[in-house]
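Report on one structure; see the data block that follows.
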Protein chains: 2
Amino acid sequence: MVEYLSSSLDPVFHALGDATRRAMLRQLAQSPRSVTELAAPHDMSLAAASKHIKVLESAGLISREVQGRTHTCRLNAAPLASAQEWLSYYEKFWTSRLDALEALLKAEDAAKAKPKSKPQPKSK
Amino acid sequence: MVEYLSSSLDPVFHALGDATRRAMLRQLAQSPRSVTELAAPHDMSLAAASKHIKVLESAGLISREVQGRTHTCRLNAAPLASAQEWLSYYEKFWTSRLDALEALLKAEDAAKAKPKSKPQPKSK
DNA sequence: TCCATATTCAACTTTATGGTTGAATATCTG
DNA sequence: CAGATATTCAACCATAAAGTTGAATATGGA
């Protein structure tokens, strides 16, 4: 039903790859904020914060309503749903398994074409 | 129980912000692969693919076992769990709600200090 | 040993990122 | 209108990213 282009995930994950921007999303999860409010907790110029906001905006993660001189930003979580959808594919790799062990089990499971009796010791 | 540093999400989300790397993770979800095998479907030099693999590796998303001249890469999904955990915070913003509408509702919900009777028409 | 295979390394190019500062623009307010 | 506030813009800088090519390294196999 909900179909997401893989390519549209690029800007979303990219936007999430920065702690400042993730923090801004958390702020917006509380309530809409102006640019100044969003910038306040972060130790950087307003112009820098403005750029981060633009990154979030162009990833579709926030929308902006201009009211006079202030821009009110709101969270738009929809693209996060598509990110989570992408990640959900991998749930089977950690659900109800220890992850390192899981990797081993999964490898043997899936690699039907590659029967390897045991891991070789490192040559170095 | 599982506690993840926000900072460790930076390299994870960054790694996911590239379609080539996401595709490589999908490949590895099928079975472990050598560098050559991982590179094959992607239209780039082996050296470029090798760099992508290194990005995934340093984000902790894959591990590598060197056996002779081939390096076998395996998926390590654990950091994806922490990414999903981060995203899960936002589930409430899309679960059982239309997303645009949801933003509105949520805004009213969370902004207890800001009772706005109805959305203002855009000033522009 | 010789050659092919697997992978990385080094150097380089181009473009993107994240930050700065100072000026510009627009709006609100007395 | 004048000044303060909100935000962006433009220019600039330093570093990182993503790709290339060609050489280096290591291993496997005849």
Side-chain angles (χ1 to χ4, degrees), chain A residues 6-7 9-25 27-28 32-59 61-74 114 116 119-124, chain B residues 6-7 9-25 27-28 32-59 61-74 114 120-124:
Chain A
S6 165
S7 56
L9 284 178
D10 276 39
V12 174
F13 279 125
H14 170 254
L16 297 181
D18 181 286
T20 298
R21 290 193 288 262
R22 288 198 305 280
M24 286 177 165
L25 291 178
Q27 293 175 256
L28 292 174
R33 304 273 160 108
S34 70
V35 170
T36 303
E37 286 168 341
L38 278 175
H42 307 288
D43 186 27
M44 62 181 62
S45 70
L46 210 46
S50 175
K51 283 187 189 179
H52 281 300
I53 292 170
K54 232 169 292 186
V55 170
L56 291 166
E57 197 178 11
S58 61
L61 288 165
I62 72 180
S63 63
R64 177 192 308 241
E65 183 192 351
V66 180
Q67 2 183 33
R69 54 184 168 174
T70 84
H71 296 201
T72 299
C73 300
R74 297 190 155 69
K114 298 185 175 183
K116 65 169 123 43
Q120 246 59 52
K122 297 218 176 70
S123 58
K124 190 168 188 182
Chain B
S6 164
S7 56
L9 285 177
D10 276 37
V12 174
F13 279 125
H14 171 253
L16 297 181
D18 181 286
T20 299
R21 290 192 289 261
R22 289 198 304 280
M24 286 177 165
L25 291 178
Q27 293 175 257
L28 292 174
R33 302 273 160 109
S34 70
V35 170
T36 303
E37 285 167 341
L38 278 175
H42 308 289
D43 186 27
M44 63 180 60
S45 69
L46 209 46
S50 175
K51 283 187 189 178
H52 281 300
I53 292 170
K54 234 169 291 186
V55 170
L56 291 167
E57 196 177 11
S58 60
L61 288 166
I62 71 179
S63 63
R64 179 192 305 244
E65 183 193 351
V66 180
Q67 1 180 35
R69 55 186 167 173
T70 86
H71 297 201
T72 299
C73 301
R74 299 190 155 69
K114 299 183 176 184
Q120 246 59 53
K122 296 222 177 67
S123 58
K124 190 173 190 181

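- The side chain of A/Lys54 approaches D/dT8 more closely than any other nucleotide in the set C/dT7, D/dT8, D/dT21.
- Atom CD of A/Glu37 is separated from atom C1' of D/dT5 by 13 Å (rounded to the nearest Å).
- Following rounding to the nearest Å, B/His42 (NE2) and D/dT20 (C1') show an atom-to-atom distance of 18 Å.
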TODO: Spell out protein contact along nucleotides 22-29 of chain C as letters: B when the base is contacted, S when just the sugar-phosphate is, - when no protein heavy atom is under 4.0 Å; keep the 5' to 3' order.
DONE: -----BS-
N/O-N/O pairs, protein side and nucleotides 15-18 of chain D side, under 3.5 Å:
| residue | atom | partner | partner atom | Å |
| --- | --- | --- | --- | --- |
| D/dA18 | OP1 | B/Arg21 | NH2 | 3.4 |
| D/dA18 | OP2 | B/Arg21 | NH1 | 3.1 |

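- Within the 3.5 Å criterion, the main-chain N or O of B/Leu46 finds no donor-acceptor partner in the side chain of B/Ser50.
- Between the P atom of D/dC9 and the CD1 atom of A/Ile53 lies a distance of 12 Å, rounded to the nearest Å.
- OP1 and OP2 of D/dA6 both lie 4.0 Å or more from every side-chain N or O belonging to A/His71.
- Regarding contacts with the backbone of D/dT20, a side-chain N or O of B/Ser45 is found under 4.0 angstrom from either OP1 or OP2.
- B/Leu56 places its CG atom 16 Å from the C1' atom of C/dT7, with the value rounded to the nearest Å.
- At least one side-chain heavy atom of A/Met24 sits under 4.5 Å from a side-chain heavy atom of A/Ile53.
- Using a 4.0 Å cut-off, no side-chain N or O of A/Ser50 falls inside it from OP1 or OP2 of D/dT7.
- Side-chain contact check for B/Ser34 versus B/His71: every heavy-atom pair is 4.5 Å or farther apart.
- Taking B/Ser63 as the reference, B/Arg74 meet the side-chain contact (heavy atoms from CB on, under 4.5 Å) condition, with sequence neighbours excluded.
- Protein atom CG of B/Leu46 is 13 Å distant from nucleotide atom P of C/dC9, rounded to whole Å.
- If you check every strand for non-hydrogen atoms under 4.0 Å, B/Thr70 touches sugar and phosphate atoms only.
- Judged by distance alone, the side chains of A/His52 and A/Glu57 never bring a donor and an acceptor atom under 3.5 Å apart.
- Residues meeting the side-chain contact (heavy atoms from CB on, under 4.5 Å) test with B/Ala47, sequence neighbours left out: B/Ser45.
- Side-chain atoms of B/Val35 and B/Thr70, non-hydrogen and from C-beta on, never get closer than 4.5 Å to each other.
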Using residues 12-20 of chain B as the side-chain source, report each donor-acceptor pair under 3.5 Å to any protein atom, sequence neighbours left out, with the distance given to one decimal.
| residue | atom | partner | partner atom | Å |
| --- | --- | --- | --- | --- |
| B/Asp18 | OD1 | B/Thr20 | N | 2.8 |
| B/Asp18 | OD1 | B/Arg21 | N | 3.2 |

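- Among residues two or more places apart in sequence or in another chain, the side-chain contact (heavy atoms from CB on, under 4.5 Å) test is passed with A/Lys51 by none.
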